[in-house]
Number of protein chains: 2
Amino acid sequence: MPTGPTPRQQARADNIVRIKELALAQLAESGAAALSLRAVARELNLVSSAIYRYYASRDDLLTDLIVDAYADLAEVLEAAGAPDRRGARRRWIDTCLALRAWATAEPHRFTLIYGSTIPGYAAPEATIAPAGRVVRALCLPAAAGPSAGPSAARRGPGGELGGQLGAAAEALGLEVDRTRMLDLTAAFARLVGLLTLELNGQFTGGFEPADALYGVLVEREADVLGL
Amino acid sequence: MPTGPTPRQQARADNIVRIKELALAQLAESGAAALSLRAVARELNLVSSAIYRYYASRDDLLTDLIVDAYADLAEVLEAAGAPDRRGARRRWIDTCLALRAWATAEPHRFTLIYGSTIPGYAAPEATIAPAGRVVRALCLPAAAGPSAGPSAARRGPGGELGGQLGAAAEALGLEVDRTRMLDLTAAFARLVGLLTLELNGQFTGGFEPADALYGVLVEREADVLGL
DNA sequence: CCGCAATCGAGAGCAGTGCTCTCTCAAACC
DNA sequence: GGTTTGAGAGAGCACTGCTCTCGATTGCGG
């Protein structure tokens, strides 16, 4: 019979959850730079050194939060773009709107994954798969489109760029040709770019709130993608 | 007669320059989060408290670096897009390429201005004008285009978005109608988005280096803008 | 059921940070 | 020449990440 977790394991799991919650709260109000392990420990009525029983370093905690953020975002996008009676255009647009809704609801988590990283800091191995899942979730509703088809997966731009696009499509498990992959990549970059600018206040005074702008641009993306 | 700066003023100016240089060097190798005033003071053979004669706080120094980065980038873009015998399309493309060249040459400075900011941290007044200058420099070569004209500056989408676009165009001193402003805003967001993703290593494994991708997408932007 | 090993928290401590305050000394100005 | 202004030194506070050691508790194997 499958024995449940021992009390100790349970307590440990609970503590990890609480640590993440508190860390997320700190993140939301002061940003990633101000995340303090000691402060988390304090709020947990733990002595500072005890935190290291759960995370070997501050970066480890951050990495965990990043992975969680990717996973949550991917889930949201997958739900928004799930295949159903809606047409591809509607699913694509809903997915894009879900992206912005998530980003504006949790700006600290969005900037955690798409904001600036430290120079020379390579994304830990653990984060690349979840990151890909987000890209895939966003692209999937728009994967089928002009010149797309299972047997065309190898066609499209040749040369270096063609190889990169083909590899990227394959890595994401998207059955699209290279031209389509180029369009999807561009669309992804545009959306993330727009949100990054908005969240960083680059639009302050001009486009606050940017709902209308975003709405129009998403429609345009749909047009460009032939949805 | 205009007396030159006193030795004291000169020494002070020199020190500020040296502080910025050292800070930039730190930024380049460890990121903005790791910028340490004490470390800068140490390299300057100064005791830590003496730094505060020049900058009242760490944030003040960062703000200064941000303003400088905007100014430098704007200068580069203005030079790349300066009116001359080249056609508008060529000038636009050259400007876009200059943007990427600057961003990849000084990734720490690019992420300093377009990377993530701290939640609740409002951009200091001093930074918004230089930020606008960059936008203007990028848009200028593509300002003239379909449906554009001095007397059309008020036309284009109406409603909330129309007002925002009109105000933005006016604030930047761009003589474009609102439709054009929408296109320019979108193009700006796309380019910055793409570069942000690239510099943050979101393309690792797929599109490194992203020269080819960027080149193709810039050509496309030119098409969309009717250049 | 009992002993041994793994785990956890406490506490002290190190090196570093931003920033403040006071003091001294030299340069600049009247 | 006397006085004001500015620069640097030094000590200190509160904080950070992280390490090490040392009891105490838990849980597993014999």
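Residue numbering restarts at 1 for every chain, and letters A, B, ... go by the order of the sequence lines.
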Asker: At 4.0 Å (heavy atoms only), tell me whether A:L35 reaches a base, stays on the sugar-phosphate, or touches nothing.
Answerer: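 Sugar-phosphate only.
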Asker: Between the side chains of A:R133 and A:E78, is the shortest nitrogen-to-carboxylate-oxygen separation below 4.0 Å, so that they form an ion pair?
Answerer: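 Yes, charged N to carboxylate O under 4.0 Å.
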Asker: With distance as the sole test, does A:R91 use its side chain to make a donor-acceptor pair with the main-chain N or O of A:G81 at under 3.5 Å?
Answerer: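 Yes, the answer is positive, given that a donor and an acceptor are paired below the 3.5 Å cut-off.
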Asker: For a 4.5 angstrom cut-off between non-hydrogen side-chain atoms, does A:L140 reach A:L77?
Answerer: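 Counting from C-beta outward, A:L140 and A:L77 never come under 4.5 Å.
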Asker: Could you tell me how far apart A:L37 (CG) and D:dC15 (P) are, to the nearest whole angstrom?
Answerer: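 So the two atoms are 16 Å apart, to the nearest Å.
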Asker: If you assign each of A:Y54 and B:A56 to its closest nucleotide in DNA chain C, which residue comes earlier from the 5' end?
Answerer: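 Between the two, 5'-proximity favours A:Y54.
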Asker: Hey, does the side chain of B:S36 come within less than 4.0 Å of C:dT17's phosphate (OP1/OP2), counting only N and O?
Answerer: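 B:S36 to C:dT17 OP1/OP2: side-chain N or O found under 4.0 Å.
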Asker: Just by modelled atom types, is the B:L194 backbone N or O under 3.5 Å from a matching donor or acceptor in the B:Y214 side chain?
Answerer: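 Looks like no, no N/O pair under 3.5 Å.
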Asker: Please determine whether any donor N or O and acceptor N or O are separated by less than 3.5 Å between the side chain of B:R53 and the base of D:dG6.
Answerer: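 Answer is no: no donor-acceptor pair is held.
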Asker: Return yes if some donor-acceptor pair links the side-chain N/O of B:S116 with the main-chain N/O of A:S116 below 3.5 Å, else return no.
Answerer: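 Yes; judged by distance alone, with no hydrogens or angles, the pair exists.
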Asker: Atom CG of A:D60 to atom P of D:dG17: distance rounded to whole Å?
Answerer: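 Atom CG in A:D60 sits about 13 Å away from atom P in D:dG17.
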Asker: Which whole-number value in Å describes the distance from A:Q26 CD to D:dC15 P?
Answerer: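 Whole-Å distance recorded here is 13 Å.
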Asker: Over how many whole Å does the gap from A:N45 atom CG to C:dC8 atom P extend?
Answerer: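 Atom CG in A:N45 sits about 18 Å away from atom P in C:dC8.
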Asker: For C:dC19, take OP1 and OP2 only and decide whether either is under 4.0 Å from a side-chain N or O of B:Y55.
Answerer: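 Indeed not, no polar side-chain atom of B:Y55 lies that close.
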Asker: Which dot-bracket string describes DNA chain C (Watson-Crick N1-N3 plus N6-O4 or O6-N4, or G-U N1-O2 and O6-N3, all under 3.5 Å; [ ] crossing; | other strand)?
Answerer: ||||||||||||||||||||||||||||||
Asker: Just how far, in rounded Å, is C1' of D:dC15 from CZ of A:R42?
Answerer: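 To the nearest whole Å, that distance equals 8 Å.
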Asker: Categorize A:S49 for me: base, sugar-phosphate, or nothing, with a 4.0 angstrom heavy-atom threshold over every strand shown.
Answerer: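 Base: the residue A:S49, judged by heavy atoms under 4.0 Å, touches a nucleobase.
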Asker: May I ask you to test the A:L138-A:V134 pair for a side-chain heavy-atom distance under 4.5 Å?
Answerer: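 No. Closest side-chain heavy atoms not under 4.5 Å.
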Asker: If the cut-off is 4.0 Å, is B:Y52 near the phosphate of D:dA7, judged by side-chain N/O to OP1 or OP2?
Answerer: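 Answer no for this pair, as no side-chain N or O of B:Y52 is under 4.0 Å from OP1 or OP2.
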Asker: May I ask you to evaluate whether A:R12 reaches the phosphate of C:dC8, defined as a side-chain N or O under 4.0 Å from OP1 or OP2?
Answerer: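 Affirmative; the distance criterion is met.
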Asker: Can you tell me how far C1' of D:dT19 sits from CD1 of A:I51, to the nearest Å?
Answerer: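 Between C1' of D:dT19 and CD1 of A:I51: 15 Å.
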Asker: Taking the nucleotide of DNA chain D with the closest heavy atom to each, which residue, B:R38 or B:N15, is nearer the 5' end?
Answerer: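 Nearest nucleotide further toward 5': that of B:N15.
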Asker: Round to a whole Å and report the spacing from CG of B:L62 to P of C:dT17.
Answerer: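 Distance, rounded to whole Å: 15 Å.
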Asker: Salt bridge (charged side-chain N to carboxylate O under 4.0 Å, His left out) with A:D94: which residues, sequence neighbours excluded?
Answerer: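 Per chain and number, A:D94 pairs via salt bridge (charged side-chain N to carboxylate O under 4.0 Å, His left out) with A:R86, A:R90.
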Asker: Rounded to whole Å, how long is the line connecting atom CG of B:L46 with atom P of D:dG10?
Answerer: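 Nearest whole value for this atom pair: 12 Å.
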